[in-house]
Amino acid sequence: MINLIIFNEFIDEKERETVKAVYPDGIHTVLKQGLQCEEINIKTVTVDNVNEELSEEVLSNTDVLMWWSHVAHDRVSDDTAKRIQNAILKGMGFISLHSSVHSKPFRLLMGTSCDLTWREEDDFEFLWVCDPWHPIAQGINRYIKLEHEEAYGEPFMIPPPDELVFIAAYEGGEAFRAGCCFNRGYGKVFYFQPGHEEFPTYKNPEILKVLKNAVKWAAPQTRISELSSPNVKKPILL
Ligand code: ZN
């Protein structure tokens with residue numbers, strides 16, 4: 001059983017009619033419904049209590065943390081972001097969605113600004129599979145077409161990904177590294193671009209398939225209980 005926590009700010013859905021119309025109960029609720037299955041045990045957290053909920057103990061019992069954020073990155077404390085980073089270095093998986101490129105945990109993990117270009121004009125998006133052998137792309141054909149998405153564009157200020165699973169192309173011509181895998185310590189990190197709050201992207205069965213694959217891929221195979229650099233004292237060969 002994989003223990004998954006889905007974090008969503010749950011602010012846009014309450015404050016903007018255009019978002020409320022698509023996700024009346026919040027993005028986290030739709031993701032929870034879409035990812036529910038026998039192998040995944042799901043809990044959700046919103047920004048109101050994120051700093052209390054994501055304690056070291058909770059994180060050490062969490063296999064994968066999924067993160068959607070947009071307007072309230074600062075309400076996640078620096079301590080919470082650091083706890084998340086440490087949990088990932090020790091083996092927890094992390095899935096960063098859409099505008100959470102600017103969240104504190106993702107920026108800590110990347111060590112860069114994670115800036116990009118963006119344009120909200122209801123473009124269609126082609127999400128091309130560039131690594132068909134990758135576990136996250138299983139069950140997906142050559143591409144996923146989304147009728148409407150926010151167009152993100154390069155340059156995307158991240159370090160080179162360890163694996164690139166999807167590249168996006170948009171109606172306006174932009175290209176973007178939209179499905180990127182990173183190894184951080186013992187933990188696996190996946191960034192996935194689709195998921196603008198005004199479009200029903202997280203109700204799309206193919207997108208949910210990718211996210212379910214990603215949860216399984218990111219679940220830890222090896223976990224350590226403490227970060228350390230032991231002094232081994234003796235050379236191995238003597
Ligand atoms: Zn957006």
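Order of appearance sets the numbers: ligands from 1, and atoms from 1 within every ligand.
- Among the heteroatoms counted here (N, O or S) of His196, ND1 is the one nearest to the Zn ion (ligand 1).
- Coordination check, His98 versus the Zn ion (ligand 1): passed, since an N/O/S atom of the residue sits under 2.8 Å.
- Of all N, O or S atoms in Glu150, the one lying closest to the Zn ion (ligand 1) is OE1.
- Using a 30° and 60° split on the angle between ring planes, Phe176 and Tyr152 fall in the perpendicular class, above 60°.
- In the hydrophobic clustering of this structure, Val45 does not group with Met66; members are Ile, Leu, Val, Met, Phe, Trp, Tyr whose side-chain heavy atoms approach within less than 4.5 Å, directly or through other members.
- Geometrically, Lys43 does not engage Phe7 in a cation-pi contact defined by less than 6.0 Å to the ring centre and at most 45° from the axis.
- In Tyr186, the OH atom is not crowded: 12 or fewer heavy atoms of neighbouring residues, nucleotides or ligands sit closer than 6.0 Å.
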